[in-house]
Chemist: 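Please find one structure pasted underneath; my questions will follow.
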Protein chains: 2
Amino acid sequence: MRGNPDHNAVPVELTAVIVAVTAEEPRVLTIQDADQNFEALPTGPFESDHRTLQIGLRSWVERQTHHPLGYIEQLYTFADRDRTRDGAGERLVSISYLGLTRERHATGSGDPRWRSWYRFFPWEDWRSGPPVLVGRTIAPRLRAWAKGVDDGATRRERKNRIDIAFGLSGRPWNEELTLQRYELLYEAGLVPEAKRRGLVVDPVPGAPMMHDHRRILATGIARLRAKIKYRPVVFELMPERFTLLALQRTVEALAGQRLHKQNFRRLIDQQGLVEDTGEVAMQTGGRPAKLVRFRREVLLERAVAGTKLPLSRPA
Amino acid sequence: MRGNPDHNAVPVELTAVIVAVTAEEPRVLTIQDADQNFEALPTGPFESDHRTLQIGLRSWVERQTHHPLGYIEQLYTFADRDRTRDGAGERLVSISYLGLTRERHATGSGDPRWRSWYRFFPWEDWRSGPPVLVGRTIAPRLRAWAKGVDDGATRRERKNRIDIAFGLSGRPWNEELTLQRYELLYEAGLVPEAKRRGLVVDPVPGAPMMHDHRRILATGIARLRAKIKYRPVVFELMPERFTLLALQRTVEALAGQRLHKQNFRRLIDQQGLVEDTGEVAMQTGGRPAKLVRFRREVLLERAVAGTKLPLSRPA
DNA sequence: CTTAGTAATGCTCTATATGAGCACAATCTG
DNA sequence: CAGATTGTGCTCATATAGAGCATTACTAAG
């Protein structure tokens with residue numbers, strides 16, 4: 001407890017979860033790791049010639065993707081021991097960020113591409129109802145893992161965590177628990193990444209990523225799913241003009257859940273989040289829809305405005 | 001955008017916001033910086049012999065305060081350019097954590113002591129109604145700062161931010177905006193810390209801290225004030241057995257606001273957060289109160305349980 | 001032209017949550 | 001005993017959330 005402790009100099013990198021929604025799929029920017037044949041999140045250097053980390057990240061991403069980043073938020077700083085550069089040895093600190101943008105063809109080294117995030121987390125997409133993957137594969141395997149301990153207390157605790165995270169035993173599905181779900185699967189040895197920790201692995205479907213990048217992505221998804229409920233960040237993912245249904249589909253893509261259409265619209269206009277452009281979209285396949293635009297002023301009017309969306313609430 | 005960027009090795013430290021509530025005051029553990037005569041948050045080394053940062057921080061705090069840390073959560077990683085060790089030069093990364101405990105005599109170098117956090121943020125305590133400091137000093141000075149720009153858009157934007165952050169022009173006070181308030185004061189040159197950024201300073205009351213520690217503390221306060229509304233973390237600050245009023249006073253101390261007693265109790269028992277011990281406290285000064293204890297089981301029952309408290313909601 | 005199909009949009013109904021207050025009970029202090 | 005202080009039960013108005021019905025305005029197929 002000193003004012004000026006000795007500082008260990010440690011390698012620091014920035015890792016970005018860059019999200020866009022296209023064709024009703026939430027997508028994340030990934031690169032291909034040449035050596036390991038794993039997909040990875042784009043990782044940038046910690047440059048000290050920027051005033052803040054955020055500015056540095058923004059300029060770096062924009063340089064690489066040639067597209068402005070609408071919104072940036074720090075996610076988490078990872079520095080666990082197993083997070084070393086090559087197996088063991090030096091410790092690596094990784095400061096992760098969440099960024100929102102609109103999809104664009106990305107260029108750069110490492111073969112950047114936009115991937116649906118459900119490629120990495122197929123169990124997170126409940127838009128067409130409960131995925132069979134959960135009921136048929138994940139639930140039984142997790143149950144088996146829980147039953148496999150001798151200690152009764154641990155067993156009960158595991159069962160509880162599983163039920164809560166995956167909405168079993170009559171509990172509701174909570175789309176915000178993405179990280180908890182991934183961590184459970186990791187602990188239970190059901191994702192390939194766990195092998196590096198020496199666990200026995202018999203993986204469930206879902207593409208793995210390099211290092212702990214899938215955990216970082218899970219953190220980003222969880223954060224974004226939570227955020228859209230009380231901050232108007234969805235609009236960063238929308239084009240200038242859009243229909244209310246398009247907005248709803250975007251939210252649904254992120255949340256992995258369907259929403260009640262009328263209630264969704266009620267919320268949006270109760271809060272005055274959008275305004276008419278006067279134009280209509282005729283190619284909707286049904287009655288023409290008004291084209292609206294985001295009222296940027298709301299960002300000023302109520303700094304902490306809520307975009308309360310009809311999704312499961314923390315209770 | 002490479003898989004294996006070059007890593008700049010950077011000094012990394014851990015900074016802790018350790019909170020306890022005693023005698024209806026929220027307190028934070030500080031140390032005295034010998035050189036600069038400023039109070040500071042305890043800062044620890046980044047030790048690589050712990051499996052996770054959290055474990056490292058926990059053991060370090062417990063070693064120093066001789067008291068268990070009930071709850072730890074990562075706050076934010078600061079690495080702005082002005083955050084260098086001595087004025088200019090080397091960049092410093094500081095990973096900050098929020099920890100909850102019960103007050104104890106702390107020992108260690110640096111003269112550790114528990115300080116009411118309202119010592120550093122006197123405008124944050126609204127338990128006895130709106131502080132005169134806000135109306136008489138802060139509001140007029142901020143207004144003057146806003147008026148002092150030529151650009152009309154910037155002026156309006158500043159006025160808006162001020163109104164929202166400090167609950168002016170008929171807006172409600174929102175206790176969660178602690179960080180925004182501090183940052184406004186910083187920008188306006190109303191805190192001593194701003195001098196280091198070369199701003200002209202005419203400070204309002206409130207003790208400054210070393211480096212950007214007051215900003216880190218503001219981050220911790222804001223986070224905790226938000227958290228108590230949907231997670232049962234208050235109990236980490238309570239003794240084993242307590243009365244409902246004591247619990248309410250603790251929440252009020254943190255939130256800096258009074259709560260409606262009956263509604264508070266309604267929430268607590270609707271959610272089954274506590275259970276009777278069978279004992280009563282006779283020294284209440286009034287009718288004897290039941291002594292209750294936290295039902296630890298709720299942490300299992302609903303991992304993300306809400307302790308919805310009757311405080312201002314984001315909308 | 002008619003019939004489906006698909007969306008947009010307006011409205012209602014119910015359950016629940018929240019904010020505020022009244023009334024009264026049980027204790028202590030002076 | 002009066003007055004202060006706290007605990008505790010209860011009510012009431014309002015806001016919000018979840019669910020569904022009905023109607024309107026288009027396109028495409030027959």
Side-chain angles (χ1 to χ4, degrees), chain A residues 24 126 172-175 228-230 241-252 255 257-292 305-315, chain B residues 24 126 129 172-175 228-230 241-252 255 257-292 302 305-315:
Chain A
E24 306 191 0
W126 283 54
W173 173 260
N174 183 338
E175 78 286 341
I228 50 175
K229 290 183 195 164
Y230 60 96
R241 300 166 310 139
F242 50 88
T243 67
L244 287 178
L245 185 61
L247 181 64
Q248 181 179 344
R249 293 285 180 244
T250 303
V251 172
E252 289 173 340
Q257 277 200 321
R258 291 251 162 260
L259 300 174
H260 182 108
K261 189 196 278 190
Q262 295 93 318
N263 292 347
F264 178 81
R265 300 166 99 97
R266 177 172 63 189
L267 280 184
I268 298 300
D269 67 48
Q270 259 179 10
Q271 304 192 144
L273 290 172
V274 301
E275 63 192 359
D276 281 12
T277 59
E279 301 156 295
V280 287
M282 297 300 290
Q283 349 69 304
T284 54
R287 174 173 168 173
K290 282 191 292 205
L291 280 170
V292 297
T307 328
K308 290 169 292 180
L309 295 171
L311 291 166
S312 74
R313 310 213 295 138
Chain B
E24 305 191 359
W126 284 53
W173 172 260
N174 182 340
E175 79 284 342
I228 50 175
K229 290 184 195 165
Y230 61 95
R241 298 167 311 139
F242 51 88
T243 68
L244 286 178
L245 186 61
L247 181 64
Q248 181 180 344
R249 293 284 179 246
T250 302
V251 173
E252 289 173 341
Q257 277 199 319
R258 291 252 162 260
L259 300 175
H260 181 106
K261 190 195 278 191
Q262 295 93 316
N263 291 347
F264 179 82
R265 301 165 100 96
R266 178 172 61 187
L267 278 184
I268 299 298
D269 65 49
Q270 259 178 11
Q271 304 194 141
L273 291 171
V274 301
E275 63 192 358
D276 282 12
T277 60
E279 302 157 291
V280 287
M282 297 302 288
Q283 349 69 304
T284 53
R287 173 173 168 173
K290 281 191 294 203
L291 282 170
V292 299
R302 353 160 210 175
T307 329
K308 290 170 292 181
L309 295 171
L311 290 167
S312 75
R313 312 211 295 135

Chemist: Find the distance B:L267:CG to D:dG9:P and express it as a whole number of Å.
Modeler: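 Whole-Å distance recorded here is 15 Å.
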Chemist: Take atom CD of A:E252 and atom P of C:dA7, then tell me their distance rounded to the nearest Å.
Modeler: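 Roughly 12 Å, once rounded to whole Å.
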Chemist: Any donor-acceptor pair under 3.5 Å linking the side chain of A:T243 with the backbone of A:L291?
Modeler: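 No, the answer is negative, given that no donor and acceptor are paired below the 3.5 Å cut-off.
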Chemist: Check A:L244 against A:I268 and note the closest heavy-atom contact, atom names and distance.
Modeler: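 Shortest heavy-atom contact: CD2-CG2, 4.0 Å.
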Chemist: Please tell me which of the listed nucleotides, D:dT6, C:dA20, D:dA19, lies nearest to the side chain of A:N263?
Modeler: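 Between D:dT6, C:dA20, D:dA19, the one nearest the side chain of A:N263 would be D:dA19.
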Chemist: What's the CZ-C1' distance between B:R265 and D:dT6, to the nearest Å?
Modeler: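 Whole-Å distance recorded here is 8 Å.
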Chemist: What is the distance, rounded to the nearest whole Å, between atom CZ of A:F264 and atom C1' of C:dC11?
Modeler: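 From A:F264 CZ to C:dC11 C1': 19 Å.
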Chemist: Rounded to the nearest 0.5 Å, how far apart are NZ of B:K229 and CG of B:L267?
Modeler: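 If we round to the nearest 0.5 Å, B:K229:NZ and B:L267:CG are 12.5 Å apart.
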Chemist: Rounded to the nearest angstrom, tell me the gap between atom CZ in B:F242 and atom P in D:dG7.
Modeler: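 Rounded to the whole Å, the gap is 13 Å.
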Chemist: Go nucleotide by nucleotide along DNA chain D from the 5' end; which of B:R249 and B:D269 gets its closest nucleotide reached first?
Modeler: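 By nearest-heavy-atom nucleotide position, the 5'-most residue is B:R249.
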Chemist: Within the 4.5 Å heavy-atom criterion, are A:R258 and A:W126 side-chain neighbours or not?
Modeler: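 A side-chain contact is absent here, since even the closest heavy-atom pair is not under 4.5 Å.
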Chemist: According to the salt bridge (charged side-chain N to carboxylate O under 4.0 Å, His left out) rule, which pairs have a member within residues 271-282 of chain B, sequence neighbours left out?
Modeler: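 Salt bridge (charged side-chain N to carboxylate O under 4.0 Å, His left out) check on residues 271-282 of chain B returns B:R241-B:E279, B:E275-B:R293, B:D276-B:K290.
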Chemist: List, with names and distances, any nitrogen or oxygen atoms from the protein found under 3.5 Å away from nitrogen or oxygen atoms belonging to nucleotides 22-25 of chain C.
Modeler:
unit_1	atom_1	unit_2	atom_2	d
C:dC22	N4	B:Q262	NE2	2.3
C:dA25	N3	B:R287	NH1	3.2

Chemist: Provide the closest heavy-atom pair for B:E252 versus B:L259 in the form atom of the first, atom of the second, distance.
Modeler: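 Of all heavy-atom pairs spanning B:E252 and B:L259, the closest is OE2-N, 2.8 Å.
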Chemist: Send over the distance from B:Q270 CD to C:dG19 C1', rounded to a whole Å.
Modeler: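 About 13 Å, once rounded to whole Å.
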Chemist: Can you tell me whether the side chain of A:R266 and the base of D:dG18 have a donor-acceptor pair closer than 3.5 Å?
Modeler: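 In this structure, the two groups form a donor-acceptor pair.
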Chemist: Heavy atoms from C-beta onward define the side chain here; which of C:dT9, D:dC26, D:dG18 lies closest to that of A:P288?
Modeler: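 Nearest to the side-chain atoms of A:P288, counting from C-beta on, is D:dC26.
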Chemist: Would you say D:dG7 has OP1 or OP2 under 4.0 Å from some side-chain N or O of B:K261?
Modeler: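 Indeed, a polar side-chain atom of B:K261 lies that close.
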Chemist: Could you check whether any side-chain heavy atom of A:E175 comes within less than 4.5 Å of a side-chain heavy atom of A:W173, counting everything from C-beta outward?
Modeler: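 Yes - at least one pair of side-chain heavy atoms lies under 4.5 Å apart.
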Chemist: Starting at atom NZ of B:K290, determine the distance to atom P of C:dA26, rounded to an integer number of angstrom.
Modeler: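 These atoms are roughly 13 Å apart.
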Chemist: Whole angstroms only, please: what is the CG-P distance between A:L259 and D:dG18?
Modeler: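 In whole Å, D:dG18 P and A:L259 CG are 10 Å from each other.
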